[in-house]
2 protein chains.
Amino acid sequence: MSNSKLYKGSLSIIILKLLTETHKMYGYEITQKVKELTQGELNITEGALYPALHKLEADGFLEVEMQRVDNRLRKYYKLTQAGNKEEVSRIEELERFIETIQGIVNPKPSLG
Amino acid sequence: MSNSKLYKGSLSIIILKLLTETHKMYGYEITQKVKELTQGELNITEGALYPALHKLEADGFLEVEMQRVDNRLRKYYKLTQAGNKEEVSRIEELERFIETIQGIVNPKPSLG
DNA sequence: TTTATATGCATAAGAAAATTATGTATTTTT
DNA sequence: AAAAATACATAATTTTCTTATGCATATAAA
């Protein structure tokens, strides 16, 4: 994924966010999109991606639609209604996390 | 630590950062400081904290100084020279992570 | 033409970093 | 007297990743 361990826990949020924007995507497409968006900084490995997709599906946040293109199989994922709600709350969670961590590493000097 | 899994991987950075500011701290003090800084959002558990401190020490980033206060033992930790360097690079890593993740979840709309 | 790379899925073994549950001990508050 | 706070620690388990492997087709390069 990246040499940084900080990305741990963020993969499912990334997936949910991309599917909010693009409506339906398949696994390989997600890896390429993330690589592009991050200018190569973040490379999602298959070993991380596919289990994450399967879990989101099992949790009822994604639904699948198979499609054969150029004689190769693609599994298109899209958000369910529950997935849409989940995306909103997970993004809020991420914003809160970023604020919190910045409050620690970049604390406002006390005015006393 | 928090109900959010996003903090996974950030504990060692938090410790290094606090010790850059406060020079020397003991474990329990770190948990209280973090709770205060985050207004209760982040509560570091002992099961996470102590192994993290031990690892940072084993890696040569922290050194220990025992002190008995009110008949209770405290292990004060402070940064080594290597720990100081590590703090700088880990903070940079965190800033990069935040930029990258924001580039994904908050993408600039293309101007086309 | 054969070989490597890209596309596309998947899982298994192992590592890393947490959680949860204990355990010990002293001090302070209720 | 009992509960909560202070102060350390570790063990079992869970989660989420990495690394390695496997299968299959299409395209680019040697």
Side-chain angles (χ1 to χ4, degrees), chain A residues 1-16 24-36 40 42-59 61-62 64-77 90 93-94 97 100-101, chain B residues 1-16 24-36 40-59 61-62 64-77 90 93-94 97 101:
Chain A
M1 207 162 165
S2 155
N3 59 324
S4 172
K5 291 157 196 163
L6 291 166
Y7 290 93
K8 242 180 219 293
S10 64
L11 178 54
S12 55
I13 299 187
I14 292 171
I15 293 170
L16 292 170
K24 76 174 190 179
M25 297 180 85
Y26 57 101
Y28 186 77
E29 187 184 7
I30 291 173
T31 67
Q32 299 310 300
K33 183 69 177 176
V34 169
K35 194 184 295 186
E36 178 205 320
L42 187 53
N43 289 291
I44 296 174
T45 59
E46 301 111 309
L49 178 68
Y50 292 113
L53 286 171
H54 300 160
K55 181 163 197 315
L56 286 169
E57 189 193 352
D59 289 343
F61 300 134
L62 301 185
V64 184
E65 183 193 314
M66 306 290 273
Q67 204 168 309
R68 185 169 290 277
V69 176
D70 288 333
N71 208 34
R72 274 203 234 88
L73 204 61
R74 290 179 184 170
K75 284 181 75 174
Y76 278 94
Y77 290 90
R90 295 297 302 281
E93 179 192 329
L94 177 64
F97 162 74
T100 300
I101 202 84
Chain B
M1 207 165 166
S2 156
N3 59 326
S4 172
K5 290 158 196 164
L6 291 167
Y7 290 95
K8 248 177 215 291
S10 63
L11 178 54
S12 54
I13 298 186
I14 292 171
I15 293 170
L16 292 170
K24 76 174 190 181
M25 298 180 84
Y26 58 100
Y28 187 76
E29 186 184 10
I30 291 174
T31 67
Q32 299 309 300
K33 182 69 178 177
V34 168
K35 195 184 294 186
E36 178 204 322
E41 158 83 1
L42 187 53
N43 290 291
I44 296 174
T45 58
E46 300 110 310
L49 178 68
Y50 293 112
L53 286 171
H54 300 161
K55 181 163 197 312
L56 287 169
E57 189 193 351
D59 289 344
F61 300 134
L62 301 185
V64 185
E65 183 192 314
M66 307 289 273
Q67 205 169 306
R68 185 169 290 278
V69 177
D70 289 333
N71 207 35
R72 274 204 236 86
L73 202 62
R74 289 180 183 170
K75 284 181 76 173
Y76 277 95
Y77 289 90
R90 296 296 302 280
E93 178 191 329
L94 177 64
F97 162 73
I101 202 84

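Sequence lines set the chain letters: A, B, ... in the order given, protein chains first and strands last, and positions in each chain run from 1. All heavy atoms count here, side chains included; hydrogens, waters and symmetry mates do not. All values reported here derive from a predicted model rather than from experimental measurement.
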Nearest of D:dT25, C:dC9, D:dT16 to any side-chain atom of A:Arg74?
-> C:dC9
Below 4.5 Å, heavy atoms only, C-beta onward: do B:Tyr7 and B:Glu41 meet side chain to side chain?
-> yes
Closest-nucleotide 5' rank along DNA chain C - winner of B:Leu49 and A:Pro51 = A:Pro51
Starting at CG of A:Leu42 and ending at C1' of D:dC17, how long is that distance when rounded to a whole Å?
-> 12 Å
Mind checking whether A:Leu53 and A:Tyr50 have side chains closer than 4.5 Å, heavy atoms only?
-> yes
N or O in side chain of B:Lys75 less than 4.0 angstrom from D:dA9 OP1/OP2 | yes
Take the protein atom CG of B:Leu11 and the nucleotide atom P of C:dA18, then report the distance between them rounded to whole Å.
-> 5 Å
In whole angstrom, what separates A:Leu73's CG from D:dG22's P?
-> 22 Å
Spacing of A:Asn71 atom CG relative to D:dC23 atom C1', expressed in whole Å = 14 Å
Where the side chain of B:Ala48 is concerned, which of D:dT16, C:dT27, C:dT19 is the nearest nucleotide?
-> C:dT19
Would you say B:Lys75 has more than 12 foreign heavy atoms packed within less than 6.0 Å of its NZ?
-> yes
Rounded to whole angstroms, how far apart are CD on B:Gln32 and C1' on D:dA4?
-> 12 Å
Mapping B:Glu46 and A:Gly9 to their closest nucleotides on DNA chain D, which lands nearer the 5' end?
-> B:Glu46
Earlier contact from the 5' end, DNA chain D, for A:Val69 and A:Ile44 | A:Ile44
Does NZ belonging to B:Lys24 count more than 12 external heavy atoms closer than 6.0 Å?
-> yes
Between B:Arg72 and C:dT26, does any side-chain N or O lie under 4.0 Å from OP1 or OP2?
-> no
Any side-chain N or O of B:His54 under 4.0 Å from OP1/OP2 of D:dT10?
-> yes
Between atom NZ in A:Lys24 and atom C1' in C:dG8, what is the gap in whole Å?
-> 16 Å
Take atom CE of A:Met25 and atom C1' of C:dG8, then tell me their distance rounded to the nearest Å.
-> 14 Å
Determine: side-chain N/O of A:Tyr26 to OP1/OP2 of C:dC9, distance under 4.0 Å, yes or no.
-> no
Within the structure, does a side-chain N or O atom of A:Tyr50 lie under 4.0 Å from either OP1 or OP2 of C:dT11?
-> no
Quiz item: B:Lys5 side-chain donor-acceptor pair to D:dT15 base, under 3.5 Å | no
Sub-4.5 Å side-chain heavy-atom contact between B:Lys35 and B:Gln32 | yes
